[in-house]
Each structure stands twice: as structure tokens, then as C-alpha cells.
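Throughout, a chain's letter reflects where its sequence line sits, starting with A, and its residues are numbered from 1. It should be emphasised that the depicted structure is a prediction, and the values quoted were computed from it without experimental measurement. All heavy atoms count here, side chains included; hydrogens, waters and symmetry mates do not.
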2 protein chains.
Amino acid sequence: MAVTLHDVARAAGVSIKTVSNVINDYPHIRESTRARVLEAIAELGYQPNLSARGLRSGRTGAISLIIPDLKNAYFAELADAVMRAAGEHDLVVMIQQSGGMRERELEVLHGPRMRMVDGVLFSVLALGQDDAHLLDIPTPLVMLGERIFNGPADHVTMKNVEASRAATEHLIGLGCRRILAFGAHENEVIGSAGLRLTGYKQAIEAAGRPLDESLIVNVGNWHRSDGAEAMRAALARGLQFDGLVAFNDSIALGAMRVLQEAGIRIPEDVAVIGFDDIDETRYSLPSLSTIDPGREEIARTAVSVLMERIADPASERPPREYEADFRVVVRESTMGRAS
Amino acid sequence: MAVTLHDVARAAGVSIKTVSNVINDYPHIRESTRARVLEAIAELGYQPNLSARGLRSGRTGAISLIIPDLKNAYFAELADAVMRAAGEHDLVVMIQQSGGMRERELEVLHGPRMRMVDGVLFSVLALGQDDAHLLDIPTPLVMLGERIFNGPADHVTMKNVEASRAATEHLIGLGCRRILAFGAHENEVIGSAGLRLTGYKQAIEAAGRPLDESLIVNVGNWHRSDGAEAMRAALARGLQFDGLVAFNDSIALGAMRVLQEAGIRIPEDVAVIGFDDIDETRYSLPSLSTIDPGREEIARTAVSVLMERIADPASERPPREYEADFRVVVRESTMGRAS
DNA sequence: CTGAAAGCGCTAACAA
DNA sequence: TTGTTAGCGCTTTCAG
């Protein structure tokens with residue numbers, strides 16, 4: 001059997017409460033006592049039973065991170081950032097994949113596992129604005145992503161509209177005349193695709209240009225292969241363009257590949273900018289200009305907001321919206337063009 | 001406060017034991033009783049307190065996965081496979097990153113968090129054969145990776161030597177005369193680099209060719225930028241070759257980029273094959289031939305072996321070594337060459 | 001087939 | 001400054 005507080009107490013010749021005090025850094029302990037207890041702990045190799053502590057204190061020291069899919073580089077990097085931020089608060093992270101499926105998102109969110117963690121970070125993908133009421137769960141919750149705003153929980157996101165506008169303006173500044181909005185979702189207003197399209201339109205309009213609907217290209221999923229496929233179709237129907245704002249990096253990379261296969265040079269013939277700043281963009285050929293969405297800041301903010309809610313679950317403070325700062329990252333795919 | 005078994009028992013007019021029986025699918029319950037209890041559970045929205053259950057039963061239903069770094073695509077895909085395999089056993093996964101640092105690996109492995117999970121999957125990177133004794137922990141453990149063999153715990157890995165040999169033979173079969181072993185680690189025998197180099201040497205030898213030491217290129221870390229850098233240096237010193245076996249996909253992709261910048265065509269001038277079959281290899285330009293290390297099988301095997309150990313922690317069965325099957329995946333980077 | 005009661009290891013009132 | 005004690009919610013003998 002494992003060593004318990006009792007064993008340590010007996011070995012150190014003190015009561016179990018004293019051992020508990022030492023472990024929990026209770027301030028008023030005689031130095032000699034503390035030393036004796038610590039020695040006993042080391043000697044016996046005592047480690048606290050976290051289930052017991054969780055039962056008693058109501059805290060487990062774990063949080064859950066719900067994301068669509070770790071194979072997606074964006075979410076893997078988000079998870080990494082979250083785990084490092086959580087580590088600084090001595091929290092451990094349970095990751096649960098939703099596959100971006102509505103049923104699964106709800107299942108995970110309302111499942112019994114939520115009772116195993118102190119709080120949840122939920123990167124929403126399938127649920128939408130109309131489902132906001134379903135997010136009202138007993139566990140402290142912070143939402144991530146662009147699907148639900150002003151819901152019943154705190155929300156950390158990026159400046160989608162502004163960032164997309166800045167990306168588009170970057171291409172306009174390069175002298176691009178016909179800029180593709182690549183990755184739209186039909187009829188979506190809220191959501192990454194909808195918001196980024198809005199930013200694109202704002203930039204075009206601010207430049208005093210007419211909006212050419214034929215330059216808006218839908219890409220259903222945002223995997224590399226979807227980007228490649230959509231670009232292949234666009235070229236097949238003879239679409240003409242000299243700039244490309246992709247709504248994420250993966251489809252940008254997929255599109256770049258197809259462009260290059262077609263003998264189109266980047267950035268000379270077409271300048272390309274993506275979205276997310278995943279690691280890979282630094283190493284593609286050419287390296288990909290993109291938007292750094294402030295992932296680190298998002299993760300840090302989300303964890304600390306969650307910590308506050310955990311610390312004071314009864315707080316009456318209404319849910320808040322947080323927006324991380326973005327940055328236009330200029331790389332080869334938009335560099336060296338005449339401006 | 002949350003709903004407890006007592007509340008459900010009271011609502012259903014039965015004892016707490018009966019509710020517990022229903023929840024745990026105890027077979028001998030009158031149907032009418034079961035129905036009444038289930039109704040009460042649904043009505044009150046009862047969810048079991050997992051800490052209490054964990055304290056009482058000694059099981060938490062969670063396992064820990066220790067990996068170096070989620071930003072590394074290989075480990076992200078491994079984590080995904082593990083989480084899906086674990087899900088099939090109703091296990092949830094806590095991911096902990098070691099950064100591939102020795103101190104951190106030990107810290108995590110011996111930390112108190114291990115008492116929060118039923119078992120651990122540990123993808124070893126920094127610890128080596130001499131540290132095998134440090135893996136003797138009270139929590140059921142399954143090791144992954146190529147660093148420690150025949151240690152005190154079950155071990156699931158891939159056929160490194162055979163796979164590397166097969167990759168090399170694939171290039172030999174294509175007619176390559178000077179094949180680079182790309183990604184070696186000086187003096188390493190055990191470990192991914194060491195084993196894969198062994199496979200390379202076996203293939204060269206079996207083909208009746210002399211081993212040319214100058215074709216063995218060290219690459220310290222295995223990130224894309226390291227591959228690019230090593231290739232740049234190789235070209236600078238005038239190294240001549242027409243084939244490239246990279247010991248992982250990332251350095252293969254980095255090297256490909258540098259080769260292409262130098263005007264070297266793939267596969268016409270240099271045929272390239274990588275290792276790991278990360279998602280990205282399907283979409284690079286050209287797509288990258290590689291070794292599928294049997295990640296799915298590794299994950300499934302690891303989880304089920306761990307489950308067995310958890311089910312019978314006192315088992316005297318000695319630790320076992322498992323090897324997943326590999327597969328040579330031929331893509332554009334080695335296709336269409338005269339054979 | 002169901003109920004009563006003990007106790008998993010810990011924290012936190014309350015005492016001393 | 002330290003000890004005593006009562007549960008946290010659940011599973012599990014042991015009776016009935």
C-alpha cells in the first residue's frame with residue numbers, strides 16, 4: 001500500500017494535522033518540527049493522494065482543454081501554449097478532442113469528466129451562437145475561438161476582423177489589384193471564416209475599390225488538401241488574381257503548392273498571406289507571410305481568467321470578452337515585390 | 001452543492017447502495033427498481049464525483065501521456081492516436097510535456113501527478129539505457145520510443161532497424177549510388193538515430209557496397225530548420241549524392257527545401273525518403289516518401305498493454321517488448337526515377 | 001435483490 | 001504551535 005499522512009505522522013512523531021500543515025505551507029510551524037516532518041516525508045517517499053485531496057478540498061489541480069483535433073497544427077500549438085501557461089499555475093491539462101462535431105462537443109462538455117477538473121477551456125468549433133445557452137455548466141468555463149460571442153462564459157479570442165483587414169491591406173500596399181479571399185464559408189457571419197471575410201471586405205472598401213464577388217473563394221474544411229483542391233478548381237475556371245489572403249495557413253500552403261505546380265511564381269505573380277503563424281510557415285518554400293494571432297497571449301489570458309473563476313466560483317462578475325493582439329508577419333511569400 | 005448518491009437514493013426511494021448498483025451495472029436488480037433509479041438520476045442530473053470514486057476504488061479513469069513536445073508533429077499525431085485508443089477504453093488522457101529534458105522527464109515521472117492517474121505512457125527521449133532503473137515506479141507504466149529497451153516496464157516501439165534498412169533499399173532499388181544517411185547522432189547506438197543508422201549500414205552492406213563514412217551526416221536536433229542547416233552545410237562542402245534517407249520527416253522537408261533552392265531536382269537529381277509519415281508529407285512539394293511507423297498500432301498496443309497492467313498490478317509477468325509493423329510509403333520524392 | 005455501515009486519505013473547524 | 005475529529009461522496013463487505 002501507498003504511504004499516507006498517518007505513516008508520515010507516526011514516523012515523525014507528530015499528528016497528522018501537523019504533517020498536513022507542513023505540506024500545505026501553513027505558516028506557523030516550529031522550524032524543528034517542519035524539518036522533522038520533511039525528513040520523514042523524504043524517507044518514506046510520501047506522495048499525497050490526489051483523489052483524497054480532491055474529494056476533500058473540491059479542487060483537483062487539473063483543467064480540461066477541449067479542442068477539435070490535435071493533428072491540426074493550430075490546435076497542437078494552442079495546446080502547447082495552454083499547457084505551458086497552466087504549468088505556471090501548477091495545473092495539469094487533460095486534453096479531449098471533439099473532432100469539431102457538435103454532438104461530441106456537447107457530450108464532452110456535459111460528460112462526467114468535467115467533474116474531474118477544476119475548470120474547462122473550450123475551443124468551440126461546431127456549436128454556434130444559438131447554442132450559447134448550452135454552455136451554462138456548473139464547472140468554471142472559458143471559451144476560445146470565434147463561434148460564440150457574449151455567451152454565458154468568459155471568452156478569449158483574437159482580433160479577427162482587424163487582422164484580416166491588415167493582411168488584406170498588406171497586399172494592397174504591395175500593389176496587388178485582384179486579391180482573393182480564400183477560405184470563405186457560405187453565409188457565415190460569425191466564425192473565423194465570416195469574420196475574416198468581413199475584414200477583407202473592409203480593406204477593399206477602405207481602398208476605394210469595388211467588391212468583386214468572384215474573388216471570394218469558398219473552402220469548406222481548412223486542411224491543406226482542401227486548399228489545394230479549391231485552388232485547382234479556381235485555376236481551372238480561369239480565375240485571374242495577383243494576391244491571396246488565405247483564412248488559415250494550411251489552406252494557404254495547399255494553394256501555394258498548386259500555384260507552383262501551375263508555374264505561377266510566389267510572390268512575383270501572386271503574393272500570398274495566411275493566418276495563424278503555425279510553425280510550418282517559417283519553413284515552407286517560399287516561407288509564408290501570415291498573421292500571428294497572439295496564441296501565447298490567448299493561452300495565458302485564458303488560463304488566468306479561468307483561475308480567477310475557479311478561485312471565486314460564486315463571483316457575480318458578468319462574463320467578459322478578451323481580445324489578444326495580432327501581428328502581421330512578413331515573410332518571403334509577400335516580400336520583394338515592387339510596392 | 002452538487003447532487004450526490006444520497007439525493008438520488010432519496011428521490012428514488014431506495015438506498016444509496018441500490019443507486020450505486022445501478023450505476024455500476026450490477027446485474028441482479030429488479031427492472032422496476034433500476035428504472036426508478038435511472039429516472040431519478042436523469043431528473044436530478046446526477047453525475048458521479050470522480051474524486052470520491054477514485055479515492056474509494058483506487059481508479060481514476062485517467063492515464064498520463066508524457067511526450068517531449070506537442071509542437072512536434074510526430075508527437076501530436078502520436079497523442080491523437082493515443083487519445084483515440086484510450087477513448088475506446090473510456091480513459092481520458094492527461095498530457096505532460098517533458099521538453100525532451102532529462103530533469104523534466106524524471107520530475108514528471110516521479111511527481112505527485114502520477115497519483116492522479118491509473119497508468120502512464122512515457123515517450124522517452126532524454127533518459128537512456130543506463131537510467132532504466134529510474135523507471136521503476138509504483139504506477140503502471142508503458143514505455144514508448146527508442147531510448148530504453150528491456151527496462152523494468154513494458155515497451156512498445158517500431159522496427160527501427162528493419163524500417164531504415166527498407167528505406168535505404170528502396171533508394172538502392174531506384175538506382176541511387178551515393179545515399180546520404182541524414183540525421184545521425186555521433187556515437188549513438190541505441191536511440192532512433194543510432195538504430196536507423198544501423199539499418200542504413202545493413203542495407204549498404206547487403207548490397208555489397210563499401211560504407212562511405214562521408215555520406216553519414218549528423219543532425220543534432222530533428223526539427224526542420226536543423227535539417228535545412230545541415231543540408232546547407234553539406235552542399236557548401238561539396239558533398240555529392242543522389243539519394244537521401246532522412247531519419248525523420250521534418251529534417252527531410254528542411255533538406256528538400258534547401259536542395260530545391262540550390263536548383264537540385266527531386267527526385268530526378270536526388271531521391272528523398274523520410275521517416276514517420278507525418279500528415280504533412282502528403283502535401284509537401286514534392287510529396288515525401290516515408291516510413292509509416294505504425295503509429296496507430298503502437299498507440300492501440302500501448303493502451304491495451306497498460307490496461308492489462310492496471311487490471312492486474314500485482315502480475316508477475318515480466319516486462320515485454322512489442323514492435324509495431326512498418327510500411328514503406330512511396331510518394332513523389334522517390335517516384336518516376338529510372339529503376 | 002436491497003439496506004446499513006465502515007472507511008478510502010485528506011483538509012479544516014475547533015480545541016488545547 | 002499542535003492535536004482531535006468530523007466528514008467530502010463513493011464502493012463494498014456483510015446482513016437481511
Exercise for review: Check the distance between C/dG3's C1' and B/I29's CD1 and give it to me in whole angstrom.
Suggested key: 14 Å
Check your understanding: Separation of A/H6 atom NE2 from D/dT4 atom P, in whole Å?
Key -> 10 Å
Check your understanding: D/dT11 phosphate, OP1 or OP2: any side-chain N/O from B/S57 under 4.0 angstrom?
Key -> no
Check your understanding: B/R30 has an atom CZ; how far is it from atom C1' of C/dT2, in whole Å?
Key -> 9 Å
Review point. Rounded to whole angstroms, how far apart are CZ on A/R56 and P on D/dG9?
Key: 10 Å
Revision key, fill the gap. Of the candidates D/dT4, D/dC10, C/dT11, the side chain of A/L5 sits closest to C/dT11
Exercise for review: Could you state the atom-to-atom distance from NZ of A/K17 to C1' of C/dC14 in whole Å?
Suggested key: 10 Å
Review point. Is B/R104 salt-bridged to B/E107, going by a charged N under 4.0 Å from an acidic O?
Key: yes
Exercise for review: Indicate whether OP1 or OP2 belonging to D/dG3 is found under 4.0 Å from a side-chain N or O atom of A/T18.
Suggested key: yes
Review point. Hey, are B/R34 and B/E31 close enough for a salt bridge, meaning a charged N less than 4.0 Å from a carboxylate O?
Key: yes
Check your understanding: So, are B/R309 and B/D154 salt-bridged, with charged N and O less than 4.0 Å apart?
Key -> yes
Practice item. Classify the nucleic acid contact of B/S51 as base, sugar-phosphate or nothing, counting any heavy atom under 4.0 Å across all strands shown. Key: nothing
Review point. Nearest-Å distance, CG (B/N24) to C1' (D/dT12)?
Key: 10 Å
**Study point:** Spacing of A/E297 atom CD and A/D325 atom CG [to the nearest 0.5 Å]
**Key:** 5.5 Å
Check your understanding: OP1, OP2 of D/dT4 versus side-chain N and O of A/S15: anything below 4.0 Å?
Key -> no
Study note, to complete from the structure: Whole-Å distance, B/L55 CG to C/dT11 C1', equals 12 Å
Review point. Relative to the 5' end of DNA chain C, which residue comes earlier, B/V14 or A/L50, by the nucleotide with the nearest heavy atom?
Key: B/V14
Exercise for review: Find the distance A/I16:CD1 to D/dA6:C1' and express it as a whole number of Å.
Suggested key: 12 Å
Review point. Should A/E88 and A/R300 count as an ion pair when the cut-off is N to O under 4.0 Å?
Key: no
Check your understanding: Just checking B/T4: base, sugar-phosphate only, or nothing, at a heavy-atom cut-off of under 4.0 Å?
Key -> sugar-phosphate
